[in-house]
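Presented below is the structure to which this report refers.
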Amino acid sequence: MKPATPKSNFLRQIIDADLASGKVQSIVTRFPPEPNGYLHIGHAKAICISYGLAEDYNGTYHLRFDDTNPVAEKSEYVDSIKKDIAWLGFDWGEHLYFASDYFERMADIAVGLIEKGLAYVDSLSKEKIREYRGNLNEVGKDSPYRNRSVEENLDLFEKMKSGEFDDGEVVLRAKIDMESPNIVMRDPVIYRVLKAHHHRQGDKWNIYPMYDYAHCLEDAFEKITHSLCSLEFENNRELYDWLIEKTGMDPAPHQYEFARLNLGYTVMSKRWLKKLVVENHVSGWDDPRMPTLAGMRRRGIPFEAVREFCDMIGVAKANSLVDVAMFEFAIRDELNTRAKRVMCVLDPLKLTITNYEGENETLACPYWPRGFDRDETRPVHFSKTVYIERSDFSETPPKKWKRLEKGVEVRLRYAYIIKVNEVIKNEEGEIIELLCTYDKSSKSGSDTSGKKVRRVVHWVDFKTSIEVQVNLYDRLFINERPDVGGDFSLEKELNPQSLVEKKARIETSIVNDDLDTRYQFERHGYFWRDEASDSKAIIFNRIVSLKDSWAKENAKSAPEKPKEKKSSTPRSSEPVMTWRDRVRGENAQLQKDFEEYKSLGLIEVDADVLSGTPSLSHFYKAVSDKGGNPKNLASWIVNVMLPFYDDHFDYSTLGFQPQVIANLIEQVESKSITSAAGKKIFEMIFEGERRSIQTLIEDEGFKKVTDEATLLKWIDEVMVENPKQLEMYKGGKDSLFGFFVGQVMKKSRGAADGVLVKSLLKDQL
RNA sequence: AGAGGUAUCGCCAAGCGGUAAGGCUUCAGCUUUUGGUGCUGGUAUCCCAGGUUCGAAUCCUGGUACCUCUGCCA
C-alpha cells in the first residue's frame with residue numbers, strides 16, 4: 001500500500017557521515033518560520049525534511065520563530081503556524097524559541113565584532129550603499145566610513161541602540177570585502193535602525209539584526225547541527241560560515257540547502273497567495289482551494305496524506321515541478337482505507353419502478369468494499385421511487401457503456417435489477433423521469449434470479465434522502481505554472497470551475513455520524529462536512545475526486561504532444577579559450593611548457609591541464625624526467641591521479657617523490673599490473689603508504705593475473721555464486737555480461753587481465 | 001560579464017567505476033454489484049562532444065541549458 005520511498009538522499013548522506021566521523025553525537029534541526037503569514041504545502045516539505053530527519057535519527061528538532069523584522073510580524077501568525085505544525089503531527093516539546101529572545105546576546109556579539117575591527121557603522125544613505133556595492137559585473141568600492149575607529153564605531157552603535165538615530169540614517173556593517181565576487185560578502189548590513197513595535201519585545205529595541213547575521217547565531221545558540229534551508233540561500237552560506245568563525249561560535253552549525261517545492265496548478269509565493277485573499281478570489285487563507293495548510297485542513301485532506309506526499313517527493317537540489325497527480329494519489333491512498341462508502345446523487349433524476357408493490361423497505365448496505373476486512377453496514381431506505389445520477393442514463397450510449405439505457409437491465413447498487421421502459425420528457429425535451437420495472441427475485445444478497453448483470457448504478461431514496469450542498473473543488477489555476485513567464489495576471493490564470501456548488505441528495509445514514517467523518521461518495525470522490533455545515537444546512541466539501549479512467553477513455557484522443565528534441569549542440573571547430581589559456585597568457589614559462597608538451601605528443605587536453613599551474617607543470621616534468629612515454633604518463637596523471645586532489649594539487653606538499661609515480665606508471669605500461677591495480681596502488685600511496693611499488697605489488701598481490709587456470713576457477717566460482725544472474729543472462733539479458741566481468745575482477749581485486757577474462761567468460765557463458 | 005548551484009523516463013527520484021532502483025502518470029491484462037480498490041506485466045542508456053578504462057550515468061576536458069545573487073526582507 002505504501003509506496004516505497006527513496007531511502008537515500010544527500011542530506012542523509014551528510015548526516016550519516018557526520019555521525020560516523022563523530023563530528024556530531026546526535027543531530028539537532030530546526031524549522032525557522034518568520035511569523036508574517038500562513039504556512040503552505042511548501043513549508044510542509046521543509047518541516048517534514050528537518051523534523052523527519054531528526055525523528056529518524058533520534059535527534060531533536062526545534063521550532064524557532066525568526067522574528068527579526070517587526071514590521072510584518074504578528075502574534076496571530078505565531079499561533080497559526082504552531083497550529084499548522086501540530087496538525088502535521090510534530091511536537092517540538094520544550095524546544096520553542098524566538099529569535100527576539102536572543103536580541104541582547106546578538107547585540108553583545110556585534111559589539112565584539114566591532115572591537116575586533118570586523119564591523120563598522122556606515123552613514124551612507126541606502127541609495128549610496130547600493131551604488132557602492134557594485135553589481136554582478138563590477139566590484140564594489142569601500143564606503144568612506146569604512147575605516148572609522150573602533151571607539152567611534154562603538155559609540156555610534158551605542159547611539160543606534162539607544163535611539164539617537166532615525167530609521168535609515170545609519171547601519172552596522174560587517175567589514176569583509178567590497179570586491180568579493182559574492183555580492184553577499186560585500187560588507188553586508190547586519191543591523192538596521194528600525195523604530196518599530198515588535199510583537200513580543202514591544203518598543204524596547206531601536207535596532208534589529210538582519211537575517212544573515214541573526215540566523216547563524218540563532219543556530220549556534222541552539223546548537224543546531226544541521227541547518228536546512230532552501231536553495232536561494234546558497235549564496236548566503238559563505239557569510240553564514242564567516243560569521244560563525246569570526247564570532248567564535250563552537251560547535252559550529254552548518255547550513256545545507258535543498259530545492260523548494262513547486263506544485264503544478266497552484267502558486268506558493270506569499271505575494272500571490274495574499275493577492276488571492278485580498279482580492280476575494282478565495283474566501284480566505286483557509287479556503288479549501290488554497291495550498292495553505294489551513295486550507296488543506298479545511299478541505300479535509302488528512303495530515304497523513306501531506307506527510308506521505310512529502311516522503312514521496314524526496315529531497316534533492318534540482319529545481320523541479322511536482323505533478324499534482326502525486327499529491328492526489330497520496331490523498332486518495334490515505335482516504336481509501338478510512339473513508340466509509342455512502343451513496344449520494346449529485347445531479348438527481350427521478351426513477352419510478354412501476355411494478356414495485358411494497359410501500360418501502362430497508363436495505364442493509366455495507367460501508368466497505370470487499371477485501372477490506374470490515375463488515376459494518378448501515379440501513380438504507382428503498383421505495384418505489386428513487387433518484388439516480390442524470391448522467392447515468394443515455395439515450396445514445398457510447399461504446400462500452402455500462403449504465404442505464406432503454407431496455408437493458410442494470411442493477412441498482414445493493415438493491416434490485418431494473419430495466420428502463422419509458423422516458424418521460426417535459427415540453428423542452430428534457431428528461432424528467434424514467435419509468436422502469438424491476439425483478440423482484442434479484443434483491444441483492446438474496447438474488448435468485450440467476451441473472452448476471454455487469455451494469456450498476458447508485459441511487460438514493462426519493463422520499464427519505466436529504467438535500468445537501470456539495471462544494472466540488474478543483475485546481476485553482478488553468479495552467480500548470482501560473483506564476484511563470486510574462487506578467488502573471490490572476491484573472492486570466494484562475495480556473496472558473498475551481499469551485500462548483502451543487503444541490504445533491506444523500507442517504508439518511510450520515511446524520512448519525514461524527515462531524516469529521518470522511519466519506520467516499522461512491523463513484524464520485526471523497527468528501528467531508530465543511531465547518532460551516534450545521535444540522536439544517538449540511539455542506540460537504542469534495543476533498544478529491546476518484547480516479548476516473550472512464551473520462552480518459554471517453555475523451556477524444558489527446559492531442560499529440562510535440563516531442564521536444566534534445567538539443568544537441570554542434571561541436572564548434574573553433575579552438576576554445578580555457579581559463580588555463582588565460583593563465584598561460586600571463587605566464588610565459590607555462591606557455592612554453594604547453595607548447596613543449598604538445599610537441600612531445602601529448603593529446604591537447606592533457607597538455608592543457610598539465611600546463612595549467614606551475615605546480616602541476618613542475619610535477620609532470622619531474623615525473624617524465626625519469627623516463628617513460630610522455631603521452632601515457634600525462635594521460636595517467638590527468639585521469640587517474642589528479643582526481644584525488646580535487647583541484648587542490650600542490651607539488652610542494654605532496655609527501656612522495658615523483659619517482660614513485662614514474663615507477664608506478666611504468667608497471668602499468670609494462671602490463672605487469674592492470675590499470676585498475678595501478679589506481680588502487682596510487683590510492684594507498686595517496687593515503688600515506690610508503691612501501692616501494694615493487695614491494696607493494698608483491699605483498700598485496702597486485703601482479704596482473706594472466707594465468708588461465710586461475711581465471712577459469714574464478715569464473716566458475718562467480719557462476720556458481722550468482723545462479724539468478726546466470727539464468728537471466730541465458731534468458732537473453734546481455735547487459736549482465738558486464739556484471740560477470742565485474743564479479744571476476746572483484747575476486748581478483750582488480751588484478752585480473754580484463755581482456756582475457758572477457759574472452760574466457762564469453763566461452764564459459 | 002562575475003560568483004554560487006543544477007541536469008538520469010511525461011513528473012518526482014535512487015545511483016558514488018561492474019545488472020539503469022522505486023513511486024506517480026500512462027498502457028495492456030485479471031478480479032470487481034464503485035469505469036474505484038487490489039493484483040500481474042510493459043514502457044529510459046543517463047544534456048551534448050571528446051578523453052581515460054577490460055568496463056563510464058559515475059572519473060577527466062570542453063561545451064550547452066536552466067535556477068539563485070546587485071533589500072537597511074527572510
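In what follows, chains are A, B, ... by sequence order, proteins preceding strands, each numbered from 1. Scope of the values below: all heavy atoms of this structure, side chains included, with no hydrogens, waters or symmetry mates.
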Any base atoms under 4.0 Å from [X], or only sugar-phosphate, or nothing? Heavy atoms, all strands.
X: A/G168; result: base
X: A/W401; result: base
X: A/Y414; result: base
X: A/F233; result: base
X: A/I207; result: nothing
X: A/V322; result: sugar-phosphate
X: A/R130; result: sugar-phosphate
X: A/Q725; result: base
X: A/K126; result: base
X: A/R411; result: base
X: A/T68; result: sugar-phosphate

* Hey, what's the ring geometry for A/W459 with A/F382, parallel, tilted or perpendicular (30° and 60° as the breaks)? -> perpendicular
* P spacing across the pair B/rC60 / B/rA65, given as an integer number of angstrom -> 22 Å
* **Interatomic distance at C1', B/rU19 relative to B/rG62, whole Å** => 32 Å
* To do: Not counting sequence neighbours, list each pair that qualifies as a salt bridge (Lys or Arg N to Asp or Glu O under 4.0 Å) and has a residue in residues 723-746 of chain A.
  =>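 Residue pairs passing salt bridge (Lys or Arg N to Asp or Glu O under 4.0 Å), neighbours aside: none found.
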* To do: Kindly state each residue pair satisfying salt bridge (Lys or Arg N to Asp or Glu O under 4.0 Å) with at least one member in residues 632-646 of chain A, sequence neighbours excluded.
  =>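 Residue pairs passing salt bridge (Lys or Arg N to Asp or Glu O under 4.0 Å), neighbours aside: none found.
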Are any of [X]'s side-chain N or O atoms less than 4.0 Å away from OP1 or OP2 of [N]?
X: A/R370; N: B/rG36; answer: no
X: A/R133; N: B/rG71; answer: yes
X: A/S735; N: B/rU45; answer: no
X: A/R580; N: B/rG62; answer: yes

Considering only heavy atoms and no angle criterion, is a donor-acceptor pair shorter than 3.5 Å present between the side chain of [X] and the base of [N]?
X: A/Q13; N: B/rC16; value: yes
X: A/E138; N: B/rU70; value: no
X: A/N235; N: B/rU68; value: yes
X: A/N137; N: B/rA1; value: yes
X: A/N182; N: B/rG4; value: no

Searching all strands shown, indicate the nucleotide that pairs with [N] (Watson-Crick or G-U wobble; both distances under 3.5 Å).
N: B/rA13; result: none
N: B/rU37; result: none
N: B/rA3; result: B/rU68

* To do: Report yes if some heavy atom in the side chain of A/R341 is under 4.5 Å from a heavy atom in the side chain of A/P366; otherwise report no.
  => no
* Asked: With a 4.0 Å cut-off, would you call A/R455 and A/E409 a salt bridge?
  -> no
* Please confirm whether A/F649 and A/F644 have ring centers closer than 6.0 angstrom. =>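 No, the ring centres sit 6.0 Å or more apart.
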